[in-house]
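Just below is one structure, and these are the notes that go with it.
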Protein chains: 2
Amino acid sequence: MRRDVFQAIADPTRRAIIGLIAIQAMTPNALAEHFNTSRQAVSKHLRILTECELVKQQQKGREIYYQLEVQKMKEIDKWLSRFRKIWETRFNELDKVLSNIKNTKK
Amino acid sequence: MRRDVFQAIADPTRRAIIGLIAIQAMTPNALAEHFNTSRQAVSKHLRILTECELVKQQQKGREIYYQLEVQKMKEIDKWLSRFRKIWETRFNELDKVLSNIKNTKK
DNA sequence: TATTTGCGAAACCAATAGGTTGCATTTATA
DNA sequence: TATAAATGCAACCTATTGGTTTCGCAAATA
């Protein structure tokens with residue numbers, strides 16, 4: 001099934017994983033210690049994150065280090081940028097209104 | 001059940017709805033015409049968007065206009081900002097590497 | 001007033017999500 | 001070499017999701 005970045009970040013545990021491995025690469029075992037779930041559950045999350053290329057793996061002996069693919073996060077940013085324009089415009093309009101009030105008060 | 005902005009934007013139809021009502025407020029019927037689903041399904045999506053305050057309603061007679069609460073989108077932006085710092089830093093480091101290569105070649 | 005229109009809510013349903021436990025496999029270690 | 005550790009994968013289970021159809025209600029309209 002085709003995974004999607006937005007669906008990937010929908011789950012709070014996955015967002016937490018992303019937050020952790022953004023700092024430094026971590027193994028599934030190390031990650032699992034941070035959550036109240038089994039290692040296998042964490043592995044499932046990592047699989048989903050890998051499928052949508054938010055995460056890459058690096059094998060070191062019998063350990064696998066997972067690291068965030070920060071570039072992929074830009075996809076969310078890209079989608080958001082459109083709305084960022086809107087809220088900045090809205091804010092500017094509010095700013096105008098406020099300065100008008102200010103001016104008429106003078 | 002407590003709804004979450006990230007869960008709300010996970011669904012592609014909901015993202016499309018957000019995109020539409022960002023431009024101008026729309027009724028459920030008008031929205032439903034854009035999708036391959038029933039009006040009731042759209043209404044369900046609107047309910048979810050309303051629950052997490054991504055959307056506000058304005059009644060006009062028997063019609064209800066739904067509009068995007070752009071401010072709420074900032075919540076996503078806020079979460080993202082942390083990673084934006086990282087990808088900007090990484091980019092700068094790459095930039096340094098590149099300029100070093102350039103300099104040693106001179 | 002009778003009918004149509006726009007809507008939300010409820011009941012239902014199949015598919016998916018997220019968790020578990022129980023393997024098998026590969027690598028490190030005693 | 002035998003054992004322990006780190007991991008992925010499959011089978012299974014329950015709750016949730018996203019859709020449908022049916023209904024009731026309020027507002028517009030004939």
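Below, all heavy atoms of this structure are taken into account, side chains as well, without hydrogens, waters or symmetry copies. Chain A is the first sequence line, chain B the second, and so forth, proteins listed ahead of strands; every chain is numbered from 1. As the structure is a computational prediction, the values presented were derived from the model and not from experiment.
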Practice problem: Any chance you could measure B:Thr13, atom OG1, to B:Ile18, atom CD1, to the nearest 0.5 Å? | Solution: 11.0 Å
Self-check item: Phosphate OP1/OP2 of C:dG19: any A:Ser38 side-chain N/O under 4.0 Å
Solution: no
Exercise. Using only side-chain N and O atoms of A:His45, determine if any of them is under 4.0 Å from OP1 or OP2 of C:dG19.
Key: yes
Practice problem: Look at A:Gln7 and C:dA17 and indicate whether a side-chain polar atom (N or O) is within less than 4.0 Å of OP1 or OP2. | Solution: yes
Quiz item: Short question: side chain of B:Arg14, backbone of B:Ile9 - any donor-acceptor pair under 3.5 Å?
Solution: no
Exercise. Identify, residue by residue, the members of residues 8-17 of chain B with a heavy atom below 4.0 Å from DNA chain C, and return them in order of residue number, or none.
Key: none
Self-check item: Rounded distance [0.5 Å steps], OG in B:Ser43 versus CD1 in B:Ile64
Solution: 8.0 Å
Self-check item: Presence of A:Arg3 side-chain N/O under 4.0 Å of C:dA17 phosphate oxygens OP1/OP2
Solution: yes
Quiz item: Are the side chains of A:Ile21 and A:Met26 in touch, meaning some heavy atoms are under 4.5 Å apart?
Solution: yes
Self-check item: B:Ser43 vs C:dG8: side-chain N/O to OP1/OP2 distance below 4.0 Å
Solution: yes
Self-check item: Sub-4.0 Å heavy-atom contacts from residues 61-68 of chain A onto DNA chain C, ordered by number
Solution: A:Gly61, A:Arg62
Quiz item: Is the closest side-chain heavy-atom distance between B:Leu54 and B:Glu69 below 4.5 Å?
Solution: no
Practice problem: Check DNA chain D against residues 25-36 of chain A and give the residues with a non-hydrogen atom under 4.0 Å, in numerical order. | Solution: A:Thr27, A:Pro28, A:Asn29
Exercise. First locate atom CZ of A:Phe83, then atom NZ of B:Lys74, and finally report the distance between them rounded to the nearest 0.5 Å.
Key: 15.0 Å
Practice problem: Take A:Lys60 and A:Arg39, find for each the nucleotide of DNA chain C with the closest heavy atom, and name the residue whose nucleotide sits nearer the 5' end. | Solution: A:Arg39
Quiz item: Do B:Gln67 and B:Tyr65 have side-chain atoms, one donor and one acceptor, less than 3.5 Å apart?
Solution: no
Quiz item: Taking side chain as C-beta onward, heavy atoms only, is B:Arg84 less than 4.5 Å from B:Asp77?
Solution: yes
Quiz item: Of A:Arg47 and B:Gln59, whose closest DNA chain D nucleotide lies nearer the 5' terminus?
Solution: A:Arg47
Quiz item: Which nucleotide sits closest to the side chain of B:Gln40: C:dG19, D:dG8, D:dT21?
Solution: D:dT21
Exercise. For residues B:Arg15 and A:Asp4, determine if any side-chain heavy atom of one lies less than 4.5 Å from a side-chain heavy atom of the other.
Key: yes
Quiz item: Taking only side-chain nitrogens and oxygens of B:Thr37, does any of them come within less than 4.0 Å of OP1 or OP2 of D:dG19?
Solution: no
Quiz item: Is there a donor N/O on one and an acceptor N/O on the other, under 3.5 Å, for the side chain of B:Lys44 and the base of C:dG8?
Solution: no
Quiz item: Are more than 12 heavy atoms from other residues, nucleotides or ligands located less than 6.0 Å from atom CZ of A:Arg47?
Solution: no
